[in-house]
Amino acid sequence: IIKLSAVALDADGAVSQVAFYNNGVLIDTLQSAPFEILWSTNDTGQYSFTVKATDNEGNSTTSEAVSFATNGPLAPVVALTSPVPNAGYA
């Protein structure tokens, strides 16, 4: 799970929404701060995220992209703890 967080400000009004995009596809839209979402994937790959802020007058700005790669899900860790190696039992 990856936390995506954005800051959006409007000097002459109010931010009415912030939209989060993954590789150009809308993944979530928030109408109030904090502008944070949790995103997860089971796929290994390269991802490029942007956010688009829209103000109360309909003006919008899109952030520069932030890219990163994921390695997919991690395998569980397991160990046998009993019996101990080379133990003798009657």
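Only this structure's heavy atoms are used, side chains among them; waters, hydrogens and symmetry mates stay out.
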Could you grab the distance from atom OG of S40 to atom NZ of K3, nearest 0.5 Å is fine?
-> 15.5 Å
Could I get the full list of salt bridge (charged side-chain N to carboxylate O under 4.0 Å, His left out) partners for E57, not counting sequence neighbours?
-> none
Pairs satisfying ring pair (Phe, Tyr, Trp, His ring centres under 6.0 Å), at least one member in residues 33-60, at least two apart = W39-Y47, W39-F49, F49-F68
Got I2 and T70 here, is their nearest side-chain heavy-atom distance under 4.5 Å?
-> yes
On a heavy-atom basis, the closest approach of D43 and T41 is N-OG1, 3.0 Å
Taking every heavy atom of A19 against every heavy atom of L26, the minimum-distance pair comes out as CB-CD1, 3.7 Å
Which distance, rounded to the nearest 0.5 Å, do you find between the CD of Q17 and the OG1 of T29?
-> 5.5 Å
Would you mind reporting whether F20 and L30 have side-chain heavy atoms less than 4.5 Å apart?
-> yes
Would you say T62's side chain and K52's backbone share a donor-acceptor pair under 3.5 angstrom?
-> no
Roughly how far apart are Y21 OH and D28 CG, rounded to 0.5 Å?
-> 11.0 Å
Is there a donor-acceptor pair under 3.5 Å between the side chain of S67 and the backbone N or O of S48?
-> no
Kindly indicate whether the side chain of D10, heavy atoms from C-beta on, has any atom under 4.5 Å from the side chain of N56.
-> yes
Does one hydrophobic cluster hold both I27 and V18, with members joined at side-chain heavy-atom distances below 4.5 Å?
-> yes
Distance from L4 atom CG to I37 atom CD1, nearest 0.5 Å?
-> 4.5 Å
Identify the heavy atoms of S16 and D55 that sit nearest to each other, and give their distance.
-> OG-O, 3.2 Å
